[in-house]
Amino acid sequence: MGDDPQHIKKVAAASYDYDNDGRWADYWSNILIPPHLASRPDVVRHYKQKFYQRYIDPELEVEPFSSAASVRYARSSPVSPPEQNHSANSGGQTQAPERTPASSRRASAPTGPLRLDRNSVPFLINAWVVIMAIMAMLPFSPWGLSDRAYRFALVGTAFSCSYSIYSIYGRPRAWNLQAIQLWLQSLIATKEFIYLLYCFVFVSSPMAIKFALVPVLCRSLELVAKYLRRNFSSANLYRKYLEDPCLWIDTNTATLNILSSNSEIMLGFLVIILLFTRQRNIVQGVMYWQLLKLMYHAPNTASYHRGAWAKVGMHANPYINRYAPFLRTPIAYLQRWFQH
């Protein structure tokens, strides 16, 4: 076992200093798993090996987490009567199951047509969102088609977020106020719930703000790229046309998150500007700035939003102090409200 190259690579992956690698924090923050699984050592170890395979040693073979979990549950489950008889007939000795080589596991991976399951349904919805968002943002698209594509993109993102919330958190244990409150507290700071509110704020507005599709497009591109790399890596069409774009998206998720946070903050100022026009929507403005405050404090978006707000203050404060010092007091009041 000591001479096995894969064993040596796994030992090196386990001893790697992940805490001092800034890429690990970004990688771990972009993984969508339930909170009760994120604290389990076997889950953290599995994703650390995947991180080590991607950024340090591509030759490291990482077993699928589902197979590892099934082995663990199989060991803890009671033995069925036929298995008990078999173990009794063999003198109490149990045979170790044969290990399938990694090459045969990869060869047996499904490469046929797309099948509808709990993972492919969000992929289809997010692919639909990408197409609709691009159609809506095309500069020379007809107004009617562009407006409908804008609505379809937001509605598709809302369906995708709702499906993810239901798949991860399920339904409230009971349909009473206390159970619903506990259920909402468990998901109110998640990225899916935030984008669900985001879509509701803009799809309910009669005015189509096409710039609002930038965060939606970034989110859908990231999820589509991850699904394609995980399930279609051996397809010829993927290798010929989609491998490089998906690899770029998957390795630049932090850049996409920064772009999304900057776009969301710019939308906040755009909503304020619209209050002084005929397209004003006071309810939308109040709701969106409450949502920006939630993004500022939510764990999945806080680091990107706080960095973006710091840049806004660094560029705006010198002009305010020089040309509009009377704005310092109301801005300080708004900052205290926003940060608490």
Side-chain angles (χ1 to χ4, degrees), residues 25-39 43 47 65 116-133 150-173 179-204 212-231 249-250 253-254 256-261 263-265 267 287-306:
D26 291 335
Y27 180 84
W28 181 250
S29 64
N30 288 312
I31 296 175
L32 304 178
I33 55 177
H36 68 279
L37 290 179
S39 59
V43 177
Y47 284 104
F65 182 71
L116 288 179
D117 54 18
R118 61 179 301 176
N119 294 322
S120 60
V121 171
F123 163 72
L124 294 175
I125 298 176
N126 289 312
W128 166 265
V129 171
V130 171
I131 296 172
M132 291 295 104
Y150 169 82
R151 308 285 175 184
F152 284 147
L154 292 175
V155 172
T157 304
F159 274 112
S160 175
C161 295
S162 302
Y163 187 88
S164 299
I165 290 173
Y166 181 77
S167 300
I168 298 174
Y169 299 96
R171 296 177 298 177
R173 294 183 178 180
I180 295 175
Q181 185 178 5
L182 292 174
W183 179 73
L184 287 175
Q185 287 177 354
S186 65
L187 59 89
I188 194 169
T190 61
K191 205 169 184 179
E192 292 82 6
F193 187 75
I194 289 175
Y195 274 100
L196 179 63
L197 296 178
Y198 180 89
C199 295
F200 175 75
V201 168
F202 287 101
V203 79
S204 60
L213 294 178
V214 174
V216 168
L217 181 61
C218 292
R219 174 188 178 273
S220 298
L221 282 174
E222 180 182 346
L223 296 177
V224 168
K226 287 182 179 179
Y227 184 89
L228 289 175
R229 293 196 68 199
R230 190 183 305 118
N231 296 276
I249 292 172
D250 206 13
T253 53
L256 293 177
N257 287 326
I258 292 173
L259 175 61
S260 297
S261 60
S263 303
E264 289 155 1
I265 292 173
L267 274 171
M287 291 177 60
Y288 187 71
W289 275 91
Q290 288 286 348
L291 184 60
L292 280 179
K293 182 179 179 180
L294 178 61
M295 292 178 180
Y296 186 85
H297 293 280
N300 291 325
T301 57
S303 59
Y304 300 105
H305 272 257
R306 292 182 181 183

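All residue numbers in this chain count up from 1 along the given sequence.
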*Show your working on side-chain contact (heavy atoms from CB on, under 4.5 Å) between Leu154 and Leu213 and close with a plain yes or no.*
CA-CA 8 Å; Leu154 292 175; Leu213 294 178; 4.0 Å; yes

_What verdict does the side-chain contact (heavy atoms from CB on, under 4.5 Å) test give for Asn257 and Cys218, after you've listed the backbone C-alpha separation in whole Å, the side-chain angles of each residue and the deciding distance to 0.1 Å?_
CA-CA 8 Å; Asn257 287 326; Cys218 292; over 6 Å; no

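Taking CG of Leu197 as the reference point, atom CE of Met287 lies at 7.5 Å (rounded to 0.5 Å). For the atom pair OG1 of Thr190 and CG of Leu196, the computed distance is 9.0 Å after rounding to the nearest 0.5 Å. The CG atom of Asn231 sits 8.5 Å away from the OG atom of Ser120 when rounded to the nearest 0.5 Å. Interatomic distance, CG of Leu223 versus OG1 of Thr253, reported as 11.0 Å (0.5 Å rounding). Residue Ser164 holds its OG atom at 12.0 Å from CG of Leu187, rounded to the nearest 0.5 Å.
Applying the ring pair (Phe, Tyr, Trp, His ring centres under 6.0 Å) criterion to Tyr195, with sequence neighbours excluded, gives Tyr198. For Lys226, the salt bridge (Lys or Arg N to Asp or Glu O under 4.0 Å) partners two or more places apart in sequence, or in a different chain, are Glu222.
Phe123 and Tyr227 have parallel rings, their planes meeting at less than 30° on a 0 to 90° scale where 60° marks the start of perpendicular.
Residue Arg151 qualifies as enclosed at atom CZ: its count of foreign heavy atoms under 6.0 Å is above 12.
When every heavy atom of Ala127 is checked against every heavy atom of Val224, the shortest pair comes out as N-CG2, 3.7 Å. Nearest heavy atom pair, residue Ser220 against residue Val129, reads OG-CG1, 3.2 Å. When all heavy atoms are compared, the tightest approach of Ser160 to Asn126 is OG-OD1, 3.1 Å. In plain terms, the two heavy atoms of Asn300 and Lys191 that are nearest each other are ND2-N, 3.6 Å. Of all the heavy atoms in Ser260 and Pro215, the pair that sits closest is OG-CA, 3.8 Å. Across every non-hydrogen atom of Leu294 and Ile188, the tightest pair is CD2-O, 3.8 Å.
Within the 4.5 Å cutoff, the side chain of Arg219 has heavy atoms near those of the Cys161 side chain. Side-chain contact between Trp183 and Ile165: present, with at least one pair of heavy atoms (C-beta onward) separated by less than 4.5 Å. In this structure, Leu182 and Gln185 have side chains that are in contact, with non-hydrogen atoms separated by less than 4.5 Å. Contact of the Phe202 side chain with the Val216 side chain is not registered, since no non-hydrogen atoms from C-beta on lie closer than 4.5 Å. The closest side-chain heavy-atom distance from Thr301 to Ser261 is not below 4.5 Å. Put simply, the side chain of Leu292 reaches to within 4.5 Å of the side chain of His305, judged on heavy atoms. In this structure, the side chains of Glu192 and Tyr163 stay at 4.5 Å or more apart for every pair of heavy atoms.
The side-chain tip of Arg306 points at the ring of Tyr296 from less than 6.0 angstrom away and within 45° of straight on.
Proximity of a side-chain donor or acceptor of Tyr169 to a complementary backbone N or O of Leu184 within less than 3.5 Å is not detected.
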